[in-house]
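One structure is given below, encoded as structure tokens.
Computed from a predicted model, the values in this text were never measured in an experiment.
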Amino acid sequence: MDGKQMRDQARVVVIGGGIAGCSALYHLTQEGWTDVMLIERDELTSGTTWHSAAQVTNFGMSQTMVGLKTHSITLYKELRDDPEYPVGYNYGDGGIRLANTQAQMDGYRQFTSMAAGMGVEFEVLDAAECARRHPLISTDNLLGGLWDPTDGHIDPAQLCQALARRARLAGAEVNRHTPVTRLTQHADSTWTVHTEKGDVRCEIVVNAGGYRCNEIGAMMGVQHPVASMEHQYFLTEDIPAIAEAGHRMPLLRCPISDYYSRQEKGGLLLGFYEQDCRTWGMDGIDPKFTNALCPDDLDRVTDVLEGAFARMPVLMETGIREVVNGPITYTIDGAPLVGPIPGKRNAFCIIGLRAGLGEGGGHGWLLAQQIVHGEAQYDTWVIDPRRFTGHATVELTALKAIEDYQNEFRFHFPHEHRPAGRPMKTTPLTQVLISEGAEMGTVNGWERVDYIKPTQDFKETLGFKFNEVHDVVAKEVTAISTNVGMTEVSGFNRFELTGTDVHSFLDRMMCGTVTKREGRVGLGYLLNNHGLLKAEATIANIPASDRGPARVWYGSAAASEYHDMDWLKAHIKADEDVKIRSLTNAQTILVIAGPKARDVLSMTAREDWSREAFPWLSVRETHIGIAPATVLGVSFSGELAYEIHVPNESLHAAYVALRKAGEAYGMTLFGSRAVESMRMEKGFLHWKSDILTEFDPFETGLERFVQLSKGDFIGKDALEKRMVAGQQRKLVTLVIDAKHAPAHGGASVRLDGRIIGTVTSGDWGHRVDKNLAFAFIEPEFSPVGTTMTVDIIGEAFAAEVIESGPYDPEYSRIRS
Ligand SMILES: Cc1cc2nc3c(=O)[nH]c(=O)nc-3n(C[C@H](O)[C@H](O)[C@H](O)COP(=O)(O)OP(=O)(O)OC[C@H]3O[C@@H](n4cnc5c(N)ncnc54)[C@H](O)[C@@H]3O)c2cc1C
């Protein structure tokens with residue numbers, strides 16, 4: 001607001017004027033909110049943005065990431081072509097992600113299929129074609145690569161200025177040289193943003209503070225799981241071979257030696273992800289660090305430098321012109337935090353961006369949609385700040401940031417759980433299960449049994465095909481379906497709801513009628529204001545006992561704790577008597593499943609567990625041996641099964657009692673990979689794999705959980721409007737004629753080559769002996785018996801729509 005007085009009020013204040021803040025501000029105006037303000041402590045782009053290598057790519061590991069990057073590219077092209085303020089954008093140099101293993105190539109084929117569903121065309125190249133398109137590279141130790149034709153790079157300062165300019169023209173205010181010093185939240189959840197130049201009263205604040213996001217977080221009592229790493233690139237002198245090539249060099253990303261490159265003028269820019277990497281700013285950041293760089297240290301990157309020189313021998317005779325070393329932010333899983341700040345009202349963030357130039361346009365877009373409409377057009381769970389819960393400290397983030405940095409271009413394989421920061425969350429059984437042979441994975445920081453290793457030195461070969469774990473899982477499933485098995489489900493989310501209005505409250509939150517009967521359990525779905533699926537919960541009505549008054553347990557997926565808590569709390573009315581507390585970290589579930597499960601339970605708990613006394617969908621407090629426990633008669637496996645919820649201090653005692661009782665029945669242990677296979681056979685869905693905010697319950701095949709006649713509930717009006725408009729997609733179960741690999745989430749479903757849908761989950765169903773997948777497809781192709789193809793690692797395989805839940809469709813086993 002140069003020269004003019006800063007306003008003292010705005011609907012939204014965005015703190016930080018890097019790409020994140022500028023993009024958020026611009027997109028808020030695009031979504032129709034023009035009473036918005038950006039406050040920047042120094043000049044725009046004076047944090048990380050000014051010195052970014054600023055490569056813009058379309059590659060992403062999920063359709064949401066691909067979609068938001070596509071938005072960036074489309075927007076940047078528009079800004080490039082703006083005659084009044086054209087932004088320097090080298091669009092379409094193309095880019096290659098290299099590979100030297102078959103598994104990496106398989107991954108590229110899968111990602112190509114996934115991106116195609118978003119209208120983005122990647123290409124998988126062999127080594128010779130890579131070298132043809134990038135004449136500086138050698139083909140030694142190279143299998144091929146993934147080609148992204150749209151890759152390019154942008155001028156970061158011009159980009160931010162252009163976004164700020166457009167936002168200003170739409171009515172937004174930009175205040176530079178105005179450090180935010182304090183934040184005060186008022187009783188009505190509005191804020192005062194205190195700055196060195198005066199206070200601003202606003203409804204909503206957005207933290208876009210880059211590597212200073214935790215300084216701003218501290219002003220509202222929040223620690224964001226964001227840590228910074230030092231990151232270096234250098235610029236070379238001109239390389240004659242580039243001029244001779246007659247075309248611009250494509251971008252390169254190398255998972256073999258952890259570097260990237262792009263053309264810069266007549267030379268190259270090379271950036272490095274060295275093993276000997278450094279966190280930055282962990283103990284505070286000098287307030288004067290602005291428009292600044294870290295001291296460069298090329299000695300540290302010699303390991304990866306050698307790889308880059310071997311791939312591009314011309315570098316050995318090329319001089320270095322300039323070195324840049326700057327801080328770059330990381331989160332626990334590498335994706336940024338874009339959305340509502342957990343536990344806060346009217347507070348959002350767009351932080352932890354490590355590829356902020358490529359992604360920033362899209363993140364600002366999806367954030368603005370969330371702020372203005374409550375939800376973005378894509379399901380944003382992959383970037384949702386609430387996907388991590390209490391364990392997500394800066395300390396843990398630093399460990400994961402180092403690990404991520406060291407593996408920058410090595411994507412995660414299916415079922416890969418990397419070791420840094422583990423074990424993070426454990427139960428009293430974790431070590432016991434490991435000593436019994438359990439291979440552990442992680443879910444929201446919790447160690448959880450993946451499968452039981454057949455031998456001590458058993459090791460899984462990570463990749464996209466069925467591997468040696470396939471048979472291990474088959475045996476676990478057989479043991480469960482013919483006998484009985486046990487597993488631990490750590491970290492399952494569990495809220496206790498008490499108060500006189502709990503049931504009327506839940507009735508308003510859920511789109512169906514969930515049982516209110518004491519001692520009974522029901523499954524329900526929560527919609528957002530657009531009539532789309534927000535959450536899924538198991539409701540257990542626990543009668544009053546010596547453990548407390550009558551109460552409701554709300555159970556949901558392990559990672560949903562902060563997400564669901566915020567949603568529920570935001571909807572409790574001032575005059576409603578509803579109290580919620582989380583028991584997530586206090587209790588753990590032991591599941592026993594299989595035809596002999598009742599016998600095992602009866603051996604350990606004194607009550608009558610007969611089908612008549614304790615039918616499917618019952619809940620009862622009891623003791624397993626000496627351990628207090630709450631048993632739910634529910635099943636995710638499709639077999640007779642019990643969820644036994646035990647306070648952590650008694651978990652070992654309950655486990656020992658069940659193990660002992662199980663001996664008589666040959667009870668074995670199993671893991672979540674077996675559960676994953678079995679739930680596919682039952683047509684049971686996973687929140688955030690198959691249950692997404694992009695679809696309503698009818699599209700998701702959950703119509704039996706909707707009751708429009710019951711009165712008002714959140715999302716009802718919008719759902720009714722959607723019903724009139726007609727379904728856009730329909731979730732179906734497919735059987736695929738392939739034995740070598742499952743269909744992976746994101747894979748395209750095609751009819752005569754045309755994409756008609758996308759896979760959400762896929763796995764082998766061992767009991768039905770079929771390769772199964774769930775997919776959202778165009779509704780006209782959803783009738784049972786319709787044939788189509790599904791891409792598996794880039795190849796099309798015949799598939800047919802079948803009834804959902806092919807295993808025991810009568811539910812006779814669960815009810816037995
Ligand atoms: C060497 C290097 C190379 C990179 N290369 C690429 C690349 O090729 N492609 C790519 O996509 N990404 C790249 N990145 C990453 C990318 O640059 C960042 O993700 C992006 O710039 C982050 O933008 P930001 O807006 O989140 O943070 P910043 O640019 O740091 O902006 C945050 C702003 O907040 C302001 N601020 C902080 N505290 C306050 C306060 N209290 N009051 C007011 N204002 C405040 C700061 O002054 C700053 O301007 C690279 C990063 C580095 C370091």
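A salt bridge is absent between E488 and R448; no separation between the charged side-chain nitrogens and carboxylate oxygens falls under 4.0 Å. No salt bridge links D599 with K596; every basic N to acidic carboxylate O contact stays at or beyond 4.0 Å. At a threshold of 4.0 Å, the pair R673-E476 does not count as salt-bridged, since none of the basic side-chain nitrogens sits closer than that to a carboxylate oxygen. Classification of E681 and R767 as a salt-bridged pair holds, one side-chain N sitting under 4.0 Å from a carboxylate O. Between R813 and E639 there is a salt bridge, with a side-chain nitrogen of the basic residue lying less than 4.0 Å from a carboxylate oxygen of the acidic one. Of the charged side-chain nitrogens involved, at least one lies within less than 4.0 Å of a carboxylate oxygen, so that R659 and E436 count as a salt-bridged pair. Under a 4.0 Å N-O distance rule, the pair E720/R722 does not qualify as a salt bridge. The pair D384-R386 meets the salt-bridge criterion, with a side-chain N (NZ, NE, NH1 or NH2) lying under 4.0 Å from an Asp/Glu carboxylate O. Between R679 and D763 no salt bridge is recorded (no basic side-chain N to carboxylate O distance below 4.0 Å). Salt bridge K453/E468: absent, no basic N to carboxylate O contact under 4.0 Å.
Of all heavy-atom pairs spanning F670 and V449, the tightest one is O-CG1, 3.8 Å. Nearest heavy-atom pair, D564 versus S556, reported as atom, atom and distance to 0.1 Å: OD2-OG, 3.0 Å. Residues L462 and P414 share a closest heavy-atom pair of CD2-O, 3.8 Å. Pairing each heavy atom of W553 with each of Q587, the nearest pair is CH2-OE1, 3.6 Å. The two residues F411 and R418 make their nearest non-hydrogen contact at O-NH2, 3.4 Å. Here the closest heavy-atom approach between residue I792 and residue P742 is recorded as CG2-O, 3.6 Å.
No donor-acceptor pair closer than 3.5 Å links the side chain of T787 to the backbone N or O of A799. Between the side chain of T64 and the main chain of T380, no donor-acceptor pair closer than 3.5 Å is present.
Summarising the geometry, atom CZ belonging to F774 is positioned 15.5 Å from atom OG1 belonging to T758; distances are rounded to the nearest 0.5 Å. Atom-to-atom distance recorded for L590:CG and I624:CD1 is 8.5 Å, nearest 0.5 angstrom. How far CG of L146 is from CZ of F111: 9.0 Å, rounded to the nearest 0.5 Å. Atom-to-atom distance recorded for F636:CZ and F684:CZ is 7.5 Å, nearest 0.5 angstrom. Atom CD1 of residue I592 and atom OG of residue S637 lie 11.0 Å apart, to the nearest 0.5 angstrom. Annotation: the span from K425 atom NZ to T588 atom OG1 amounts to 11.0 Å, rounded to 0.5 Å.
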- Worked verdict on R387 versus H563 for side-chain contact (heavy atoms from CB on, under 4.5 Å): CA-CA 7 Å; R387 68 190 185 276; H563 173 275; over 6 Å; no

- Going through the checks in order, is the ring pair (Phe, Tyr, Trp, His ring centres under 6.0 Å) test met by H417 and H412? CA-CA 8 Å; H417 303 274; H412 278 81; 8.6 Å; no

- Message: Please evaluate residues L685 and T760 with respect to the criterion side-chain contact (heavy atoms from CB on, under 4.5 Å), reporting the C-alpha separation (whole Å), side-chain torsions for both, the decisive distance (0.1 Å), and the verdict.
- Response: CA-CA 10 Å; L685 307 182; T760 55; over 6 Å; no

- Message: Please determine whether side-chain contact (heavy atoms from CB on, under 4.5 Å) holds for the pair K465 and I793, giving the CA-CA distance in whole Å, both sets of side-chain angles, and the decisive distance to 0.1 Å.
- Response: CA-CA 8 Å; K465 297 180 178 147; I793 318 176; 3.6 Å; yes

- Message: If you apply the rule side-chain contact (heavy atoms from CB on, under 4.5 Å), what do you find for W687 with S560, and how did you get there?
- Response: CA-CA 9 Å; W687 185 68; S560 67; 3.5 Å; yes

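Aromatic rings from F464 and F413 are positioned such that their centres are separated by under 6.0 Å.
Looking at heavy atoms from C-beta onward, S816 lies in side-chain contact with L640 at the 4.5 angstrom threshold. Side-chain contact between M105 and V124 is present, with at least one heavy-atom pair separated by less than 4.5 Å. The shortest side-chain heavy-atom distance between D333 and F388 falls under the 4.5 Å cut-off. Side-chain contact between N771 and W764 is present, with heavy atoms from C-beta onward closer than 4.5 Å. The closest side-chain heavy-atom distance from M114 to H744 is not below 4.5 Å. With a 4.5 Å cut-off on side-chain heavy atoms, M118 and T70 do not count as touching.
With 3.5 Å as the limit, one finds no donor-acceptor pair spanning the side chains of Y665 and N483. Side-chain polar atoms of N493 and T584 form a donor-acceptor pair below 3.5 angstrom. Side-chain contact, D696 with T700: no donor N or O sits under 3.5 Å from an acceptor N or O. Counting only N and O atoms by type, the side chains of R422 and T442 include no donor and acceptor under 3.5 Å apart.
Judged by a 6.0 Å distance limit and a 45° cone about the ring axis, K534 is positioned over the six-membered ring of W567.
The only member of E778, E699, E703, E780 that meets salt bridge (charged side-chain N to carboxylate O under 4.0 Å, His left out) when paired with K730 is E703. W446 pairs in a side chain to side chain contact (heavy atoms under 4.5 Å, CB included) with only one of the listed residues (T430, T427, T426), which is T427.
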